[in-house]
**Q** 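Have a look at this one before I ask anything.
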Amino acid sequence: QNRISKIDTSGNVTRFSGNGGDQGGGGYSNGSIDQATFEGMKDLAFDSAGNLFVLTNHRIRKIEFSGAAASVSDFIGSGNWGDEDGQGDQVRFGHVESIVFDSNDNLYFSDIAHQKIKKVSQDGTTTTIAGNGEWDYVDGFGVNARFRNPSYLAIDSSNNLYVSDSDNNRIRKLELQGDGQYKVSTTAGTGQYGYVDGSADTAQFERIRGIVEFNGNLFVYDSDSNLMRKLLLNPVMSIAARSLSTTFNIKGIDDTSFES
């Protein structure tokens, strides 16, 4: 219906913004929340000030609150497909599915079509922090890293980013370094297409579509397996006497238990 709905703590659902009409038609217009229209909404995220950001087709819109009133404006993007860093409506991006914020109110998204991870500062300045557009698998720093359809993002309490690198069947991690670059490493997955639980370096995935971090755990939707998988990000590991290393495990959760 191209609308944003609000669900209160009692479970009551009300229309918050977007005038989709009876036929579900959308559009593009800014202004007060009762007049604004949306089209192609994909994700929502709040910053620390309580502003709501809305990912739509090749735009990210911002909803600011003032008492009981709220208004919608453009944050970045012009509605045109492309791949261009910059500020505000200069920014172009392709296929984006999710947005996340860090503790400093920087926004992040992955551009699946262009194999890049982008960072957006509070003033709308957008930069590429990882990937250079080549469809490949390479760990490394910044634009030297390569992805194959980086689709969804999650962020932990230390502002580390996790990327579901879907066609590499891996989970990648981005860590900010002292020189301002982002180090890209592999957190889990061998790259082989399959369903295998176990240690992070032997686990296999079947096309990761969703990812979220909660209390030090990474929950992953393994779409072709129809399973939720769980990865402990900060495991407590005991190294046995005379051993030099240990491993930690990934567990699969059968999602049928969540469907009833």
Side-chain angles (χ1 to χ4, degrees), residues 81-86 91-100 102 106-121 125-156 158-213 218-225 229 231-235 245 247-250:
W81 173 285
D83 175 28
E84 185 173 340
D85 291 344
V91 177
R92 304 286 186 273
F93 52 86
H95 182 187
V96 177
E97 291 289 342
S98 70
I99 54 176
V100 296
D102 67 15
N106 297 302
L107 182 151
Y108 300 85
F109 64 87
S110 56
D111 191 337
I112 303 169
H114 296 104
Q115 319 300 326
K116 295 179 179 179
I117 314 299
K118 306 271 189 168
K119 178 179 181 178
V120 189
S121 63
T125 300
T126 303
T127 54
T128 299
I129 60 172
N132 71 351
E134 293 185 17
W135 197 79
D136 202 348
Y137 166 66
V138 178
D139 284 336
F141 292 88
V143 297
N144 293 316
R146 306 285 189 275
F147 303 90
R148 289 184 175 133
N149 291 346
S151 49
Y152 294 88
L153 299 179
I155 195 163
D156 67 17
S158 299
N159 290 332
N160 298 309
L161 281 169
Y162 297 88
V163 183
S164 59
D165 196 358
S166 297
D167 282 10
N168 275 319
N169 294 300
R170 291 179 169 101
I171 300 169
R172 314 286 290 280
K173 180 180 181 180
L174 278 70
E175 297 176 273
L176 180 61
Q177 305 297 294
D179 61 1
Q181 289 196 89
Y182 282 80
K183 177 184 177 182
V184 180
S185 59
T186 299
T187 295
T190 66
Q192 297 297 312
Y193 177 89
Y195 168 58
V196 176
D197 283 339
S199 61
D201 59 350
T202 61
Q204 294 181 9
F205 301 93
E206 293 182 337
R207 198 159 287 115
I208 303 166
R209 293 299 188 200
I211 185 170
V212 65
E213 189 276 342
L218 202 61
F219 294 89
V220 175
Y221 176 53
D222 206 359
S223 62
D224 288 2
S225 297
R229 314 282 294 278
L231 171 63
L232 186 62
L233 292 176
N234 299 296
S245 64
T247 60
F248 60 98
N249 289 335
I250 295 171

**Q** Using the test salt bridge (Lys or Arg N to Asp or Glu O under 4.0 Å), find all partners of E134 that sit at least two apart in sequence or belong to another chain.
**A**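 In terms of salt bridge (Lys or Arg N to Asp or Glu O under 4.0 Å), with neighbours along the sequence ignored, E134 is linked to R146.
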**Q** For D136, is there any backbone N or O sitting under 3.5 Å from a side-chain donor or acceptor partner on N168?
**A**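 Flag set: sc N168 to bb D136 pair under 3.5 Å.
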**Q** Show your reasoning for whether side-chain contact (heavy atoms from CB on, under 4.5 Å) applies to W135 and D167.
**A** CA-CA 9 Å; W135 197 79; D167 282 10; 3.8 Å; yes
**Q** Is the Y137-F147 ring centre distance short of 6.0 angstrom?
**A**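 No, they do not, as the ring centres are separated by 6.0 Å or more.
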**Q** Check whether the side chains of D224 and Y193 place a donor and an acceptor atom closer than 3.5 Å, and report yes or no.
**A** yes
**Q** When rounded to the nearest 0.5 angstrom, what distance separates CD in E97 from CG in D111?
**A**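 E97 atom CD to D111 atom CG measures 11.0 Å (nearest 0.5 Å).
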**Q** Could you give me the CA-CA distance, side-chain angles and deciding distance for I171 and I208, then say whether side-chain contact (heavy atoms from CB on, under 4.5 Å) is met?
**A** CA-CA 8 Å; I171 300 169; I208 303 166; 3.7 Å; yes
**Q** Roughly how far apart are I129 CD1 and Q181 CD, rounded to 0.5 Å?
**A**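 Here the rounded value is 11.5 Å.
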**Q** Taking all atoms of both residues into account, what is the closest heavy-atom pair of G198 and A203, and its distance?
**A** O-CB, 4.4 Å
**Q** Just jot down the salt bridge (Lys or Arg N to Asp or Glu O under 4.0 Å) partners of D83, sequence neighbours excluded, or say none.
**A** K116, K118
**Q** At what distance, to the nearest 0.5 angstrom, does OG1 of T126 lie from CG of D85?
**A**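 Nearest 0.5 Å value for the OG1-CG distance: 6.5 Å.
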**Q** Roughly how far, to the nearest 0.5 Å, is CG of D139 from OG1 of T186?
**A** 3.5 Å
**Q** Short question: side chain of D165, backbone of R148 - any donor-acceptor pair under 3.5 Å?
**A** yes
**Q** Can you see which heavy atom on S98 is nearest to which on Y152, and at what distance?
**A** OG-CA, 3.5 Å
**Q** Evaluate side-chain contact (heavy atoms from CB on, under 4.5 Å) for N144 paired with N132, printing each intermediate quantity in order.
**A** CA-CA 7 Å; N144 293 316; N132 71 351; over 6 Å; no
**Q** So, for P150 and I117, which heavy atoms are closest and what is the spacing to 0.1 Å?
**A**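 Minimum heavy-atom contact is CB-CD1, 3.9 Å.
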**Q** Considering the options H95, R207, Q115, which one meets the side chain to side chain donor-acceptor pair (under 3.5 Å) requirement together with N149?
**A** Q115
**Q** For the pair T190 (side chain) and Q204 (backbone), establish whether a donor and an acceptor sit closer than 3.5 Å, ignoring hydrogens and angles.
**A**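 A pair under 3.5 Å: no.
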**Q** Please check if the side chain of D222 supplies one atom and the backbone of E206 the other of a donor-acceptor pair under 3.5 Å.
**A**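 Answer holds: yes.
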**Q** Quick one: CG on N160 to NZ on K173, what's the gap to the nearest 0.5 Å?
**A** 4.5 Å
**Q** Taking the side chain from S110 and the backbone from S151, do they hold a donor-acceptor pair closer than 3.5 Å?
**A** yes
**Q** Let me see the working for Y162 and T187 under side-chain contact (heavy atoms from CB on, under 4.5 Å), right down to the final yes or no.
**A** CA-CA 8 Å; Y162 297 88; T187 295; 3.9 Å; yes
**Q** So Y108 and Y182, would you call those rings parallel, tilted or perpendicular, with 30° and 60° as cut-offs?
**A** perpendicular
**Q** Roughly how far, to the nearest 0.5 Å, is the OG atom of S121 from the CG atom of L107?
**A** 10.0 Å
